[in-house]
There are 2 protein chains.
Amino acid sequence: MQNSEALTLAAALLAAAGDLTRRIDEGVVARGFEGRPAYGFAFTRLAPDGATVTDLAAHLGVTKQAASQLVEELVRKGYAERRPHPRDARARLVVLTERGWACTRAAEEAAAEAVGVWAESLGGEGEMRVLRDQLLRIAPYGPIRPAW
Amino acid sequence: MQNSEALTLAAALLAAAGDLTRRIDEGVVARGFEGRPAYGFAFTRLAPDGATVTDLAAHLGVTKQAASQLVEELVRKGYAERRPHPRDARARLVVLTERGWACTRAAEEAAAEAVGVWAESLGGEGEMRVLRDQLLRIAPYGPIRPAW
DNA sequence: GGGAATTGGTCAAGCAGCTTGACTATATAA
DNA sequence: TTATATAGTCAAGCTGCTTGACCAATTCCC
């Protein structure tokens, strides 16, 4: 692959990521939730059993101070709540509220909708799975932080 | 594709884009240039024949004020210069200097290097071309702005 | 056990990079 | 000609992040 092609790939990746992020955010807003793009990706970490601020920071690729501010925002808007951590009195377990779950489902729906549009461009869902598997092999657990 | 899978795809896309952006930026710095990630993507627009501030703003997905500040930065660092536009006295054509071309090549090299690492994970360059073509079909001319 | 080092979380201040708003100069349309 | 649109810049403001300092709880290790 030529050098210039590689930079084109990077640009395409960023354009696609930006497009998807925007579509998901718009979809969430259209479903009656107020939010910013980071919410959806925070939810994916909080969803199963909750997470600490430090976990969330690592997942999003920001400092724990920034993650703490995000959690404060989520709590203020009623999407999450802080509970004492069962095994560590320093830590607090951040879990989704019912409204948080609803917003999570909205984000997932919006994501599915956006991906559906893409599937048409690519000619089917099979291709989407291929794309997803390729991406997951590239950056399986990387922090989700595509900002410039 | 299930809704939760779609959100996973989005996360993987963002993680991959973030990983690549970081690698390219580090590679450019390692080659002796000071810069931030936006530079490389500005260069891809300026490279062929130059561009106006407004062109650049559209390409990056920011306001023309932000693009103007970026150009000011590029000029100050010796990567670009402003010339009178041949057919429009309001506009100014921003073109790369020799140092700007050198930095562009460094960015392309860094991108190729980063993509090379990926190619190993995916099992070959052919797969990378598939990935690139898929992404280009998804967001062919979208603005390059993956921030949250 | 007990002191040192580590870790989880928050408060405070600062800043980079973007935005909106206002304005000038040139170009285009009526 | 007059009015409207476009290219660019200046100025101010704000959002979301960072670094630095700090306290409380935990873990390490002798």
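Labels below follow one simple rule: chain letters A, B, ... track the order of the sequence lines, proteins then strands, and each chain is numbered from 1. Source: prediction; values computed, not measured.
When heavy atoms are screened at a 4.0 angstrom cut-off, B/A66 is found touching base atoms of the nucleic acid.
Summarising the geometry, atom OH belonging to B/Y79 is positioned 5.5 Å from atom CD belonging to B/E34; distances are rounded to the nearest 0.5 Å. B/L60 contributes atom CG, which lies 10.5 Å from atom CG of A/L14 (distance to the nearest 0.5 angstrom).
No side-chain heavy atom of B/L96 sits less than 4.5 Å from a side-chain heavy atom of B/L74.
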Exercise for the section: Might you work through the salt bridge (Lys or Arg N to Asp or Glu O under 4.0 Å) test for B/R99 and B/E81, ending with a clear yes or no? Expected result: CA-CA 11 Å; B/R99 180 168 170 77; B/E81 59 188 15; over 6 Å; no
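OP1 or OP2 of C/dG17 has at least one side-chain nitrogen or oxygen of B/R36 nearer than 4.0 Å.
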Fill in the blank from the handout: Per-nt protein contacts along nucleotides 6-13 of chain D (heavy atom under 4.0 Å; B base, S backbone sugar-phosphate only, - none) come out as BBBBB---
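Side-chain atoms of B/R31 come within 3.5 Å of backbone atoms of B/G27 as a donor-acceptor pair (strictly under, hydrogens ignored). A donor-acceptor pair under 3.5 Å is absent between the side-chain atoms of B/D88 and the main chain of B/H85, judged by distance alone. Checked by atom type and distance alone, the side chain of A/T97 pairs as donor or acceptor with a backbone atom of A/G78 at under 3.5 Å.
If you find the closest nucleotide of DNA chain D to A/A89 and to A/T63, the one lying nearer the 5' end belongs to A/T63.
Here the C1' atom of nucleotide C/dG9 and the CG atom of A/L74 are 16 Å apart, to the nearest Å. In this structure, CD of B/E73 is placed 16 Å from P of C/dC15, rounded to the nearest angstrom. The distance between atom CG of B/D25 and atom P of C/dA16, rounded to the nearest whole Å, is 16 Å. Between A/E72 atom CD and D/dC17 atom P the separation is 14 Å, expressed in whole Å. For A/R83 and C/dG9, the CZ to C1' distance is 19 Å, given to the nearest whole Å. Protein atom OH of A/Y39 is 12 Å distant from nucleotide atom P of D/dT15, rounded to whole Å.
Defining each end axis of the helix from C/dG1-D/dC30 to C/dA30-D/dT1 as the rotation carrying four pairs' C1' atoms onto the next four, with five pairs an end, the two axes are found to diverge by 30° to 10 degrees.
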Residues 37-51 of chain A side chain polar contacts: donor-acceptor under 3.5 Å, at least two apart:
from: A/Y39; atom 1: OH; to: A/E73; atom 2: OE2; distance (Å): 2.7
from: A/Y39; atom 1: OH; to: A/K77; atom 2: NZ; distance (Å): 2.9
from: A/T44; atom 1: OG1; to: A/F41; atom 2: O; distance (Å): 2.8

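Between B/R23 and B/D19 there is a salt bridge, since at least one side-chain N of the basic residue sits less than 4.0 Å from a carboxylate O of the acidic one.
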